[in-house]
Protein chains: 2
Amino acid sequence: MYTISEVSKLLAITTYTLRYYEKEGIVAPIRNANGERVYEDTHLAWLRFVLRLKQTQMPISQIREYAQLYLEGEHTSSARLNLLEDHRSSIQDQIRHLTETEKMLNDKIANYKVFISKGNTLDLSMDD
Amino acid sequence: MYTISEVSKLLAITTYTLRYYEKEGIVAPIRNANGERVYEDTHLAWLRFVLRLKQTQMPISQIREYAQLYLEGEHTSSARLNLLEDHRSSIQDQIRHLTETEKMLNDKIANYKVFISKGNTLDLSMDD
DNA sequence: ATATAGCTTAGAGTTTACTCTAAGGCAAAT
DNA sequence: ATTTGCCTTAGAGTAAACTCTAAGCTATAT
């Protein structure tokens with residue numbers, strides 16, 4: 001059982017963002033007698049999952065879609081499976097792009113190092 | 001020598017975006033007698049590089065910084081090297097996150113497949 | 001009793017990166 | 001000569017994801 005500020009500290013996101021996620025249908029904490037949000041461990045686990053999806057570029061709208069399917073029950077499991085498989089492809093694409101760009105940067109960085117160590121006596125083109 | 005619409009087609013970005021990038025100090029095509037933008041191969045190569053940086057989550061502001069350093073000449077080469085090395089770290093972080101999330105999705109997807117093939121007779125928790 | 005800290009809401013404001021509109025210039029085609 | 005197509009500009013509009021403000025409630029501390 002956590003207050004909004006405890007969750008905020010645990011997950012390193014602001015309370016504003018937590019309220020925003022609730023407004024967007026991404027998380028639904030329960031309320032205590034004072035009408036204050038109470039998060040349980042299941043909410044924490046779900047939010048950690050959400051943050052990973054975000055970190056891997058899944059838009060809020062799609063995260064909400066997944067959350068809603070979950071709330072709709074077991075008959076949505078194959079829809080959820082599709083969503084996860086699509087996101088996995090997206091992740092694999094991202095890894096490909098990043099790996100290519102990392103290689104390119106390795107080359108450029110090596111060129112800069114040679115250039116600098118030789119006392120800037122070489123030409124570097126826009127592509128170096 | 002390319003017109004703005006040719007560059008737009010070659011790079012699959014809109015002419016609006018190309019003008020926006022110029023306003024933001026990211027690319028500086030020359031102008032013909034009619035005041036129209038003329039892009040050369042160097043601009044194309046630079047824009048291709050810019051698109052990779054964007055694709056790997058470098059913000060426009062930082063891309064502009066790199067472009068400005070380039071325009072300021074050779075004495076900025078070590079500043080540019082720092083920028084590229086920082087971005088390489090960022091890329092490596094991203095690859096780590098993506099790889100972890102891919103593994104997590106592999107597990108979840110496998111669970112969903114078992115669940116569905118067994119005729120939904122199992123329990124799936126929020127974390128599956 | 002009242003101050004303080006932390007919670008609530010609705011709704012406005014911000015940032016980033018485009019995306020589009022309006023008004024107009026110029027050149028080739030009909 | 002005028003239509004067509006492509007170009008120009010300044011500046012307004014949009015979408016996503018926050019981020020904050022204002023007004024107010026409630027529990028504990030002094």
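All chains are named by letter (A, B, ...) in the order of the sequence lines, taking the proteins before the strands, and each is independently numbered beginning at 1. Below, each value reflects all heavy atoms present in this structure, side chains not excepted, and no hydrogens, waters or symmetry copies.
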Report yes if at least one side-chain N or O of [X] is closer than 4.0 Å to OP1 or OP2 of [N]; otherwise report no.
X     : N      : answer
B:K54 : C:dC18 : yes
B:R64 : C:dA17 : no
A:N34 : D:dA27 : yes
B:Y21 : C:dC18 : yes

Interatomic distance where [atom1] belongs to [X] and [atom2] belongs to [N] [whole Å]:
X     : N      : atom1 : atom2 : answer
B:R31 : D:dT8  : CZ    : P     : 6 Å
B:K23 : C:dC18 : NZ    : P     : 12 Å
A:Y16 : C:dA12 : OH    : P     : 17 Å
B:L18 : D:dT8  : CG    : P     : 10 Å
A:L11 : D:dC18 : CG    : P     : 13 Å
B:I13 : C:dT19 : CD1   : P     : 10 Å

query: Is any NZ, NE, NH1 or NH2 atom of the basic residue among A:R31 and A:E22 found under 4.0 Å from an Asp or Glu carboxylate oxygen of the other?
result: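 Yes.
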
- prompt: Is the closest basic N to carboxylate O distance between B:E72 and B:R80 below 4.0 Å?
  reply: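 Not counted as a salt bridge, because no side-chain N and carboxylate O are separated by less than 4.0 Å.
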
query: If you look at every strand shown and take non-hydrogen atoms under 4.0 Å, does B:R19 touch a base, only sugar-phosphate, or nothing?
result: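 Base contact.
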
message: What's A:T3 touching, base or sugar-phosphate or nothing? Going by heavy atoms closer than 4.0 Å.
response: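 Since only primed, P, OP1 and OP2 atoms lie under 4.0 Å of A:T3, the category is sugar-phosphate.
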
- prompt: Start at the 5' end of DNA chain D and walk down; is the nucleotide closest to B:I4 or to A:I60 reached first?
  reply: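 Its nucleotide being nearer the 5' end, the pick is B:I4.
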
field: Residue whose nearest DNA chain D nucleotide is more 5′ - A:Y20 or B:S5
entry: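 The answer here is B:S5.
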
- prompt: Between B:T17 and B:E36, which has a closest nucleotide on DNA chain C that is more 5'?
  reply: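 That would be B:T17.
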
- request: Using the side chain to side chain contact (heavy atoms under 4.5 Å, CB included) rule, take B:R19 and B:I4 through it: C-alpha gap first, then chi angles, then the decisive distance, then the call.
  value: CA-CA 9 Å; B:R19 294 195 194 94; B:I4 192 166; 3.6 Å; yes

field: B:S90 and B:Q94 side chains, donor-acceptor separation under 3.5 Å
entry: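 Yes, side-chain donor-acceptor contact under 3.5 Å.
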
message: From the set C:dT9, D:dT8, C:dT19, return the single nucleotide nearest to any side-chain atom of A:R37.
response: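 Closest of the options to the side chain of A:R37: C:dT9.
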
- prompt: Which distance, rounded to the nearest 0.5 Å, do you find between the OG1 of A:T76 and the CG of A:L81?
  reply: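 Reported value, rounded in 0.5 Å steps: 11.0 Å.
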
